[in-house]
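Okay, structure first, notes after.
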Amino acid sequence: MKKKFYALYKIFLINAFSNKIALMFNIVFPVIYFAISNAPVLINNYTVSKDKLISASAYYFAYIALTTTLNSVILAMVEYRDYGYYKVIYMVTNSKYLVLISQFLSQWTFLIIELFLFNLITTLMFKSLAYLGYLLLTTIIAAIVFVLPLTMGLYFLLTVKLRLQTYNIVITLIILLSFMVSAFEAKNEILNLLLLCTPVKYLMTGYEVIMQMMFSRVNWANLINLLLVILIYVLFGMIFIAKQNISTIFEKK
Amino acid sequence: MEIKHLNFSYKKKEIFADFNAKFIGDQLNVIIGSNGAGKTTLLNLIYGFIDRPAAAMMDFPSMSNIIYKFQNMSFFDELTVKQVINFFKSMNDHTVAVTNAQVSFYNEIIKELINTKLRSLSGGEYQSVMVYCTSIMERELYLFDEPLSGIDSYIENLILDLVESLVVEKKKKVIMTLHQLAKLNSLQAHIVFVGNKKCVFQGNLSQMLQVADTDDIDIAFKRMRQVVSC
């Protein structure tokens, strides 16, 4: 089993790193945006505090985690299905869950490498390399805790009958709408919980909770809401996984 | 392995109507028939890509004991041939013995492609790699759908030797579809002729020629298409 898992993990990882465009989209864009939006600090050589740097990274963490999940997991899964790769993989492995776990872990590795690169570049930019350890710890723990449930929730995209080309549009829309919604604050508890179900808000709140756990006091209301959202994502994810088809949904039937 | 009274349709198009056929375990089984006769559908049913009607299909191994080289089988284009072969090998639970034909195939075809990425292979080379990878898996039943399509005549013979060696040397069950009828002259095969939604003929080549009353396999094929059922 270990041998099979490693072989699968390896091919998924090779494939993930072969997609240079996705890598650029996930890393280069946020770095450029981070530099532009913090231009005064960079130009005037201001000193940045650890807390400020970590909290400023929440937005970028959410962007990198969401685009990686959508482009390198969900879209990749659609491609594997429509190109027929899944048929081959399932046939030789005989296990749907082995495939899902190894694919997710390879994408996790990919995400952690991206986060490491992003954090390294930004701390170098702000001459705050000393904070790299704190930043890495926060982002990696947040990635480990919050990305798997989000991925499971986003598996709903695999059950939708869409062509591969249409997925790119849908994914761009999801990213855009998620960022728009993330700015909203509601006074109503239910509405707040619904807003928290949107990817960016969920990831940013998750990141903040981890930050609070490590450096200050935890906002318990946020934590409970987050756990509820995690539960919703996981439950829906399990239903979507059971429904997942290994053949293209446009196959002759 | 036997199919009895199989009925199957794609929505409104009926593919099989009371289809009956037997496949022999210790012989190479070759399914022939016109385009659109249902050869691929039959393999999809045997493997389980299409839900297998248990009552109509008897004594076929379970899905986990079958490996299927389907048409247009493709894999991660960024991987090299070596990486793909290693991936397939690592999916076997234990080390698998190789046949002489597999060794020859590897030395003559695969060796020179070993460091090439799949995306750089020609159609025929891709097909050869996929057939080879399928053959190195350890399973009870092997299904090959048109393994010779897009292949030159020299490699065609190597592929047939490879497929035949699975039956002769490894005592595996093999079912394949074929359009290159002339190749049947050199094979010890059990032929299943699919046409008119039924199995039109099953038996060996000499029996098929006898039934069609000819010495020419192409004429036999033409005549068989007009026969109604086995």
Side-chain angles (χ1 to χ4, degrees), chain A residues 1-23 71-73 75-99 101-103 106-107 110 161 164 243-253, chain B residues 8-13 15 36 38 40-41 43-44 47-51 61-80 82-95 117-119 126 129-130 133-143 145:
Chain A
M1 189 65 102
K2 213 167 109 184
K3 186 180 74 170
K4 288 183 184 180
F5 167 78
Y6 179 68
L8 273 167
Y9 174 80
K10 199 172 140 189
I11 59 157
F12 284 133
L13 206 59
I14 293 171
N15 201 56
F17 278 101
S18 69
N19 191 348
K20 307 282 186 298
I21 301 288
L23 195 66
N71 288 322
S72 306
V73 183
L75 198 59
M77 287 174 95
V78 175
E79 279 176 3
Y80 299 165
R81 184 191 68 192
D82 288 3
Y83 293 160
Y85 299 169
Y86 266 147
K87 271 187 177 177
V88 181
I89 293 171
Y90 283 119
M91 199 160 50
V92 297
T93 58
N94 281 324
S95 167
K96 189 175 182 174
Y97 293 98
L98 186 68
V99 177
I101 294 167
S102 51
Q103 186 180 4
S106 72
Q107 300 303 342
F110 185 63
K161 198 172 179 175
L164 190 54
K243 277 188 168 185
Q244 197 203 357
N245 196 342
I246 61 159
S247 306
T248 170
I249 45 180
F250 295 101
E251 205 161 70
K252 191 161 65 171
K253 271 186 182 146
Chain B
F8 180 77
S9 308
Y10 286 120
K11 285 188 179 159
K12 285 177 188 168
K13 192 184 177 192
I15 307 295
T40 299
T41 303
L43 292 186
N44 284 343
Y47 177 71
F49 276 150
I50 301 170
D51 286 340
S62 64
M63 206 175 187
S64 59
N65 269 317
I66 306 175
I67 185 83
Y68 179 13
K69 157 63 189 80
F70 49 90
Q71 275 186 53
N72 306 321
M73 182 166 164
S74 58
F75 208 53
F76 297 88
D77 281 355
E78 287 301 320
L79 299 181
T80 63
K82 188 179 181 179
Q83 285 169 327
V84 176
I85 291 173
N86 285 340
F87 171 75
F88 274 74
K89 272 185 186 166
S90 62
M91 291 298 140
N92 284 323
D93 291 329
H94 48 82
T95 314
K117 285 189 176 183
L118 289 190
R119 67 176 155 85
Y126 206 113
V129 171
M130 288 299 145
C133 286
T134 307
S135 80
I136 58 173
M137 294 298 295
E138 183 68 3
R139 296 290 157 91
E140 201 181 329
L141 172 61
Y142 295 73
L143 306 173
D145 195 1

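Below, read A as the first sequence line, B as the second, and so on, with proteins coming before strands; counting in each chain starts at 1.
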Would a line drawn from the ring center of Phe76(B) to the ring center of Tyr83(A) be shorter than 6.0 Å?
no
Shorter than 4.5 Å, heavy atoms on both sides: which option in Lys13(B), Met130(B), Glu78(B), Gln83(B) has the most such pairs with chain A?
Glu78(B)
Residue selection (most heavy-atom pairs with chain A, distance under 4.5 Å) from Lys69(B), Arg139(B), Met91(B):
Met91(B)
Side chain from CB out, backbone as N, CA, C, O: work out which of these in [X] comes under 4.5 Å of a heavy atom of chain A, or both, or neither.
X        : answer
Asn92(B) : backbone
Phe75(B) : both
Phe70(B) : side chain

NZ (Lys3(A)) with more than 12 external heavy atoms under 6.0 Å:
yes
Would Asn15(A) and Tyr85(A) count as a side chain to side chain donor-acceptor pair (under 3.5 Å) here? Give the steps.
CA-CA 12 Å; Asn15(A) 201 56; Tyr85(A) 299 169; over 6 Å; no
At a 4.5 Å cut-off on heavy atoms, which part of Phe5(A) comes close to chain B: side chain, backbone, both, or neither?
neither
Heavy-atom closest pair (Phe110(A) atom, Ser72(A) atom, distance to 0.1 Å) is CE2-OG, 3.4 Å
Verify side chain to side chain donor-acceptor pair (under 3.5 Å) between Ser62(B) and Ser64(B), making sure each step is shown before the conclusion.
CA-CA 5 Å; Ser62(B) 64; Ser64(B) 59; 3.3 Å; yes
